[in-house]
There are 2 protein chains.
Amino acid sequence: MISDSTALDSAFLALADPVRRSIIARLSRGPATVNELAEPFEISKQAVSKHIQVLEQAQLVTRTRDAQRRPVHLNPARLEALTAWIDQYRLVREGQFRNLDAVLQSSAGQRGAKAKEQ
Amino acid sequence: MISDSTALDSAFLALADPVRRSIIARLSRGPATVNELAEPFEISKQAVSKHIQVLEQAQLVTRTRDAQRRPVHLNPARLEALTAWIDQYRLVREGQFRNLDAVLQSSAGQRGAKAKEQ
DNA sequence: TTATTTATCAACCTTTCGGTTGATTAAGAA
DNA sequence: TTCTTAATCAACCGAAAGGTTGATAAATAA
C-alpha cells in the first residue's frame, strides 16, 4: 500500500479537479492523445496538457509514444492505492465494533488501536 | 452515490494535505477537540482550526457542542462516497473484460459503455 | 526541403491555499 | 464580577494552482 505522504498529496490533489476527473473517466475507456482529451473542454490545449502532467506526476496515468502522438493511459493501480488509504478509516466503525465485541467476549479491557500514517 | 462535481472537488482537495489526513486518522479513533487535534502539530491552533473548517466544508467531519468545546467527529459516509467514485474507474479493467466476455458469448457487436460524471 | 500535425515550453496574470499574528467571542470557574 | 479556557475572526503574506498567449521542438507528410 502507498503510504508516502507526498505521493498521497499529489494523487488526491490530482483528483480534486473536475477536468482531471473527467480525463480519468475518459481514459477508463482506453488510451487517448492530448488532442482527443482536450476536445470536450473549452479551455486551451496547453491547459489540458498541464492537467495531464499533474495526473502523470501523481502516477495516475502513464504515457507512451506513437509518432508525434503521446497517448495517455490510465494507471488503475494508483487508484487502488487511494481506495486502500481511505478504507483504513472508512471501515473504522466496523473495526471499533469488532474491538467492542472482543472486549465483551474476553472480559479483558483496553485493546489499544494504534494509529498508522504519518 | 455522490456525483456533484463541486462536492468531489472539496472532498478530494481536503484529503490532499498531510495535516488533514492526519486529523482524519486521529478522528477514526474517536471525536476530538481543536486543542487535542492541534497538539501533535507545530503549526498554530488557528491554522489547525482552518484545516478543520476545510474538512467540515467537505463534509468529511461534523461538529457538536460541549460547553466551550466544539468536538469534531469523522463522517465515514463521505469517505465511502469517495471510494465509490474511484471504484467506478479502478474496476474498469474488470468491466472491460466483462464486456469482452459478453461480446464473445452473444456474438453481437458494439456494447457501448456509456460514460458517467460530468 | 517545406509545410503540417502534435505537443510542450516560457512568461505572465489572477485566485486560492496554508500559514502567521493580534483581537474578539463565548462559556465556565473563582 | 473577573479570570481562564476554547475557539474563531480578521488582516496580511508568500507560494502554488489554473488559466492565457506566443514561441518552439519533434515527427510525419507533401
Side-chain angles (χ1 to χ4, degrees), chain A residues 5-27 30-74 117-118, chain B residues 5-27 30-74 117-118:
Chain A
S5 185
T6 64
L8 288 170
D9 288 356
S10 59
F12 280 124
L13 186 66
L15 294 186
D17 180 282
V19 171
R20 290 192 294 259
R21 284 198 309 278
S22 186
I23 289 173
I24 295 279
R26 166 64 187 80
L27 293 176
T33 65
V34 176
N35 277 330
E36 288 165 351
L37 291 171
E39 194 275 323
F41 302 107
E42 297 200 330
I43 60 177
S44 70
K45 195 178 58 169
Q46 287 93 325
V48 172
S49 187
K50 280 192 194 178
H51 280 303
I52 292 167
Q53 284 174 47
V54 171
L55 289 166
E56 191 179 17
Q57 201 256 322
Q59 295 180 257
L60 288 165
V61 305
T62 57
R63 317 199 64 175
T64 52
R65 265 228 160 262
D66 170 27
Q68 320 100 296
R69 269 147 254 117
R70 314 264 294 105
V72 187
H73 306 252
L74 187 62
E117 130 109 318
Q118 57 262 38
Chain B
S5 185
T6 65
L8 288 170
D9 288 356
S10 59
F12 281 124
L13 186 65
L15 294 185
D17 180 282
V19 171
R20 290 192 294 259
R21 283 198 308 279
S22 185
I23 289 173
I24 295 279
R26 165 65 187 80
L27 292 177
T33 65
V34 175
N35 276 330
E36 287 165 352
L37 291 171
E39 194 274 323
F41 302 107
E42 297 199 330
I43 60 178
S44 68
K45 194 178 58 170
Q46 288 94 323
V48 172
S49 187
K50 280 193 193 178
H51 280 303
I52 292 167
Q53 285 173 47
V54 171
L55 289 167
E56 191 179 17
Q57 201 257 321
Q59 294 180 258
L60 288 164
V61 305
T62 57
R63 317 199 63 174
T64 52
R65 267 228 159 260
D66 169 28
Q68 320 100 296
R69 269 147 254 117
R70 315 263 294 102
V72 186
H73 307 252
L74 187 62
E117 130 110 322
Q118 55 261 39

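Every chain is numbered from 1 and lettered A, B, ... according to where its sequence line falls, protein lines coming before strand lines.
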Worksheet item: In this structure, are over 12 heavy atoms from other groups packed under 6.0 Å from A:Gln57 atom CD?
Response: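 Incorrect, the count does not exceed 12.
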Worksheet item: Taking only residues at least two apart or on different chains, which pairs with a member in residues 43-52 of chain A satisfy side-chain hydrogen bond (donor to acceptor under 3.5 Å, both in side chains)?
Response: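 As it turns out, the side-chain hydrogen bond (donor to acceptor under 3.5 Å, both in side chains) pairs with a partner in residues 43-52 of chain A, which skip direct neighbours, are A:Arg20-A:His51.
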Rounded distance in Å - [atom1] ([X]) to [atom2] ([N]):
| X | N | atom1 | atom2 | result |
| --- | --- | --- | --- | --- |
| A:Gln68 | C:dA3 | CD | P | 17 Å |
| A:Asp17 | C:dT15 | CG | C1' | 14 Å |
| B:Leu13 | C:dT16 | CG | C1' | 9 Å |
| A:Arg65 | C:dT6 | CZ | C1' | 9 Å |
| A:Asn35 | C:dT5 | CG | P | 11 Å |
| A:Arg69 | C:dT4 | CZ | P | 17 Å |

Worksheet item: Under 4.0 Å between a side-chain N or O of A:Arg63 and OP1 or OP2 of C:dT8?
Response: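 Affirmative; the distance criterion is met.
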Practice prompt. Can you sort out which residues in residues 44-57 of chain B have a heavy atom within less than 4.0 Å of DNA chain C? Ascending by number, please.
Written response: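 Residues of residues 44-57 of chain B under 4.0 Å from DNA chain C: B:Ser44, B:Gln46, B:Ala47, B:Lys50, B:His51.
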Discussion item. Checking the side chain of A:Arg21 only, and the main-chain atoms of A:Ile23 only, is there a donor and an acceptor separated by less than 3.5 Å?
Written reply: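 Not at all, since once roles are kept as given, no pair shorter than 3.5 Å links the two residues.
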Discussion item. Could you measure the distance from the OG1 atom of B:Thr33 to the CZ atom of B:Arg70? Nearest 0.5 Å is fine.
Written reply: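 Separation between the atoms: 11.5 Å.
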Fill in: Value rounded to 0.5 Å, distance of CG in A:Leu60 from OG in A:Ser10
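Reported to 0.5 Å precision, the distance equals 7.5 Å.
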Practice prompt. Assign each of A:Asp66 and B:Val34 to its nearest nucleotide of DNA chain D by heavy atoms, then name whichever residue's nucleotide is nearer the 5' end.
Written response: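 Of the two residues, B:Val34 wins.
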Looking only at non-hydrogen atoms, find the nearest pair between [X] and [Y] and report the distance.
| X | Y | value |
| --- | --- | --- |
| A:Leu15 | B:Phe12 | O-CD1, 3.5 Å |
| B:Pro18 | A:Asp9 | CD-OD1, 3.3 Å |
| A:Glu36 | A:Arg26 | OE1-NH2, 4.4 Å |
| B:Ile24 | B:Leu74 | CD1-CD1, 3.7 Å |

Worksheet entry | Bounds of contact between DNA chain D and chain A, in 5' to 3' order, using a heavy-atom cut-off under 4.0 Å |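 It runs D:dA17 to D:dT28.
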